[in-house]
Amino acid sequence: MKEVFGYISHLLGFEKLSDYEKEYLHDANIRTSCYMGVIVCFLEIWMLLRQTRSKIIPKYQAGGDFFQLFVTYTSKYWLFLLIGMGIMLFCFYQRNAKLTKRQYRSLITVGSACVLYTSVLSLETFTKESDTITPVMANIMNAMLLSVYFFLFLIGVTIIAYAIFKYKKNKRVVLFEHLTMICFTLVCLAFGVFVSYSDFWGGKEIICFLTMVIYVGCLLIYRPFVTVLILGASFYAFYHVLLTYQNGLSFQYQEVIISGAAQKIISGDTVNYVTFFISLTTICFAIYHGRLNEAKKSKALEKSAQEDSLTGLHNYNYFSELAKQAVQGITENFSENVFLFIDVHNFKAFNDQRGFEAGNLFLIAIGKYISTVFADSLYARQADDHFVVLTKTAGLMEKLSELNDLVHHYDDEIMLTVNCGSYHLSNNQEDPRMAIDRARYAAHLIKNRFQTIYAEYDKTMSEEYHKRLYVVNNIDNAVKNGWIVPFYQPVVWSDTKELCGCEALARWMDPVYGQLYPSEFIPVLEEYRLIHKLDKSIFESVCKDIRAALDAGRPVVPVSLNFSRLDFELMDAVQELEDLVAKYAVPKDLIHVEVTESALTDNFLKLNEAMNRIKELGYSLWLDDFGSGYSSLNVLKDYQFDVIKIDMRFLSNLENSEKSRTLIDCIVKMANRINMLTLTEGVETKMQADFLNQIGCNRLQGYLFGKPLPKAELFARIDAKELQVSGKQI
Ligand code: C2E
Ligand code: MG
Ligand code: MG
């Protein structure tokens, strides 16, 4: 029983609709009203022209040329055109966050014109003598005309009220939109009844009435039970009007009935009326439910375009759109509005230790925390563990510390804290993406300083920020114009100190900033996922340099190339290298591939394959910066490296620290036991070099033997015999 009731109430449209569904149906209605407004205008004019040729109204027979008639008798119908325009404007502007002054004025003008015009026409209708037609007829026509004017008048008032309200309050005003639609419906129906009534009087068909009820019933979507009421009332009204006419017709005009249309009513075509009413109602039901389904589907689509699938927060694109509108709506005290970039110190460690699933749950929890703490603000997930917020400065620090507490207590063992950068607005034309980028930069500066949870972007950061932006925007130029060049740092055998290789280290020779060091461009290029462009360019330069040296008959040593973890994601790095090596005919044993330890802890499939391929293709594979990050000996177990490069941090305080010495000693021994050779980076003193030689570290690299040098200087040092090229290279 309950189900039956449920079904019936669903059928009749009594069910509760979501805001989205309501809005969807409503928007469709507003659009429809808009089109109908224009159609009605043209219909009106056409009707009028038709009537100017009618025999029925003697006044029309008086003649006059077409234009005269047109101007005289269409004057009031221009009103419809005006209304159409009003509704068009209305529809056009209703979506805007804020009306501009111009839009506001145009709406007010059109609305006022409607009000004035309808007032004047109503007055005229009141005072007009009913000259040519029966008194009953005249009254009915006047009443109808007046009701049409009244509704049009209402539309005018609505447009004005809407414009004022929206302009002042900057909000979408649903009530006014509903009012407009209702007015429009009534106007259409009244128009249909009126025109068909006069058609009927002239012995013609009642097409206009039917057209109008179809318009209202099928194009405008009301809930089914409302449609039944509206259509029922209109059919009844029309029927009633016709009968009244029938009875009130004076003898004098009976002859005018030509086709016997009136008889149809009398002779029982009522059944046809009812049938038509029922069919139309059924169609309306079907259309309503069809539209509702469309709304549901469209909601699902829209959701996926606006939502972050993991956390359910807005996604970054949608956030940027909303933030842009919000920013433009701010008119004063700009700096009280702040963009935040929030991520979590140590999220990566959490992910590594607790696993991917737990990482996802943590992200969902952060999303919830942010939506609770910044409930009245705009927020979204940008990507990874990055969240963005647009909020007010008042109470910001309290909110951040509340958020930090929540994040901090999420896991008892792993130290988790918030890392938040902020950027204060300076005007209402700022681009949210740029603002977030600056906030992100501020956050970036306190990365991994666990106790510091907040940094504000300020003027002093600006210069460095612009440099980063410059790098991102100019990487293509830099590659194209040859600003990226490899410098070569010597690598020597620890026993003979003879040159056994070089490491290619990128330098950016910039026309604006001068020489830039890797720390100024590598991290930012990695952050923006552009690093592969630089690396590809370095690989090519190195291959070219080797080729040139070989061609010139110079003694050549192997060069090690630094691969970023992202290279394997952003391009087919191994294939790129293969192609370049083939292009310049470089022997493979002259290229060493360096991959950092942190790159390999991510352990994704592509990386595994790439490492295996590098080995299969015959390149020597080196593990860079061993011991610099979260060392995982698994890396040594899972991959077969030829050489391990021990990070230079082990050398600091080597002279005084027994512990450091023991540690390096153990690493070297362990590496040897698993058939890997060792190289220590950052060797700066003779004592360090001697110690490393003594414990059996094979190769050394550091300022003691040479800083990274341009190719020409390296050759000069070799030529000057400051560096002896070793005959042994492996
Ligand atoms: P890395 O691969 O570990 O390179 C060694 C870094 O240590 C170089 O810094 C080098 O100049 C520096 N170094 C060498 N010996 C000494 C020394 O005795 N004392 C001190 N204090 N430093 C020494 P650089 O050239 O600034 O490069 C920094 C990092 O940037 C590199 O670390 C590497 O990870 C990255 N990098 C450099 N060039 C490239 C490149 O072409 N592609 C990629 N993906 N990364 C690169
Ligand atoms: Mg390296
Ligand atoms: Mg290194």
Side-chain angles (χ1 to χ4, degrees), residues 308 310-311 313 316 339-374 379-389 396-422 436-437 439-457 461 468 519 522-524 526-529 531 564-566 569 595-604 607 624-635 647 649:
D308 171 58
L310 180 68
T311 58
L313 305 189
Y316 189 48
F339 277 95
L340 304 179
F341 175 91
I342 300 175
D343 75 353
V344 172
H345 289 301
N346 236 359
F347 179 77
K348 195 171 174 316
F350 181 90
N351 226 6
D352 288 346
Q353 292 181 34
R354 301 277 187 254
F356 190 69
E357 273 305 308
N360 276 353
L361 291 178
F362 182 33
L363 287 176
I364 295 171
I366 301 175
K368 283 213 182 90
Y369 298 157
I370 288 181
S371 57
T372 317
V373 174
F374 292 101
Y379 45 82
R381 175 171 173 229
Q382 191 195 38
D384 308 323
D385 62 329
H386 305 163
F387 293 82
V388 291
V389 180
L396 177 62
M397 290 328 291
E398 289 78 14
K399 286 179 184 169
L400 276 178
S401 94
E402 189 185 337
L403 181 67
N404 189 46
D405 282 348
L406 289 166
V407 167
H408 188 60
H409 289 114
Y410 189 80
D411 192 298
D412 293 340
E413 290 163 20
I414 302 176
M415 171 79 170
L416 298 166
T417 52
V418 161
N419 171 19
C420 174
S422 74
I436 286 293
D437 222 39
R440 169 175 160 161
Y441 178 66
H444 161 84
L445 295 184
I446 51 165
K447 187 97 194 146
N448 294 328
R449 280 162 47 193
F450 290 80
Q451 302 307 326
T452 317
I453 65 166
Y454 178 72
E456 224 167 77
Y457 179 90
M461 289 182 193
R468 277 163 51 92
S519 57
I522 303 266
V524 56
E526 286 188 331
E527 201 175 317
Y528 285 81
R529 302 174 73 81
I531 186 70
S564 162
R565 173 195 178 284
L566 289 173
E569 261 181 60
V595 184
T596 56
E597 185 194 11
S598 56
L600 298 167
T601 47
D602 279 4
N603 194 20
F604 73 108
L607 208 65
D624 201 359
D625 298 346
F626 179 75
S628 63
Y630 295 97
S631 288
S632 155
L633 295 178
N634 273 342
V635 168
D647 193 71
R649 260 167 276 188

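In what follows, residues are counted from 1 in the order of the sequence shown. Predicted, not measured: the structure shown is a model, and the values here were computed from it.
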Inset, instruction - Verify side chain to side chain contact (heavy atoms under 4.5 Å, CB included) between Ile342 and Leu403, making sure each step is shown before the conclusion. - result: CA-CA 10 Å; Ile342 300 175; Leu403 181 67; 3.9 Å; yes
Inset, instruction - Under the side chain to side chain contact (heavy atoms under 4.5 Å, CB included) rule, what do Arg381 and Tyr316 come out as? Steps first, then yes or no, please. - result: CA-CA 6 Å; Arg381 175 171 173 229; Tyr316 189 48; over 6 Å; no
Inset, instruction - Go through Arg529 and Leu566 one step at a time and tell me if the side chain to side chain contact (heavy atoms under 4.5 Å, CB included) criterion holds. - result: CA-CA 7 Å; Arg529 302 174 73 81; Leu566 289 173; 3.8 Å; yes
Inset, instruction - Carefully, step by step, assess Tyr369 and Val407 under the rule side chain to side chain contact (heavy atoms under 4.5 Å, CB included). - result: CA-CA 8 Å; Tyr369 298 157; Val407 167; 4.1 Å; yes
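A perpendicular orientation is assigned to the rings of Tyr441 and Tyr457, their planes being inclined by more than 60° (bins at 30° and 60°).
Residues Ile453 and Leu400 share a closest heavy-atom pair of CD1-O, 4.1 Å. The two residues Gly421 and Ala443 make their nearest non-hydrogen contact at N-CB, 3.5 Å. Among all heavy-atom pairs drawn from Asp647 and Gly627, the shortest one is CB-C, 4.5 Å. Of all the heavy atoms in Ile414 and Gln353, the pair that sits closest is CD1-OE1, 3.7 Å. The heavy-atom pair separating Lys368 from Thr372 by the smallest distance is O-OG1, 2.6 Å.
To the nearest 0.5 Å, atoms CE (Met415) and NE2 (His408) are separated by 5.5 Å. One distance of note links NZ of Lys447 with CZ of Arg440; it measures 10.0 Å at 0.5 Å rounding.
The shortest side-chain heavy-atom distance between Val418 and Leu406 does not fall under the 4.5 Å cut-off. Counting only heavy atoms from C-beta outward, the side chains of Tyr379 and Leu313 approach each other to under 4.5 Å. The closest side-chain heavy-atom distance from Leu416 to His345 is not below 4.5 Å. Here the side chains of Phe347 and Leu363 are in contact, with some heavy-atom distance below 4.5 Å.
The side-chain contact (heavy atoms from CB on, under 4.5 Å) test with Phe387 is passed by exactly one of Asp308, Ile370, Val344: Ile370. Checking Asn346, Thr452, Asp343 one by one against Asn419, the side-chain contact (heavy atoms from CB on, under 4.5 Å) holds for a single residue, Asp343.
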Counting only pairs under 3.5 Å, give me each side-chain donor-acceptor contact of residues 354-362, with atom names and distances, residues two or more places apart or in other chains.
{"unit_1": "Arg354", "atom_1": "NE", "unit_2": "Asp411", "atom_2": "OD2", "d": "2.8"}
{"unit_1": "Arg354", "atom_1": "NH2", "unit_2": "Asp411", "atom_2": "OD1", "d": "3.0"}
{"unit_1": "Arg354", "atom_1": "NH2", "unit_2": "Asp411", "atom_2": "OD2", "d": "3.1"}
{"unit_1": "Arg354", "atom_1": "NH2", "unit_2": "Glu413", "atom_2": "OE1", "d": "3.3"}

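Residues Tyr528 and Asp437 have side chains that bring a donor and an acceptor to within less than 3.5 angstrom of each other. In summary, the side chains of Asn404 and Ser401 do not present any donor paired with an acceptor at a separation below 3.5 Å, with no hydrogens or angles considered.
Salt bridge annotation for Glu526-Arg565: absent, with no cationic side-chain nitrogen under 4.0 angstrom from a carboxylate oxygen.
Contacts of Glu456 classified as side-chain contact (heavy atoms from CB on, under 4.5 Å), with partners at least two apart in sequence or in another chain: Ser422, His424, Tyr454.
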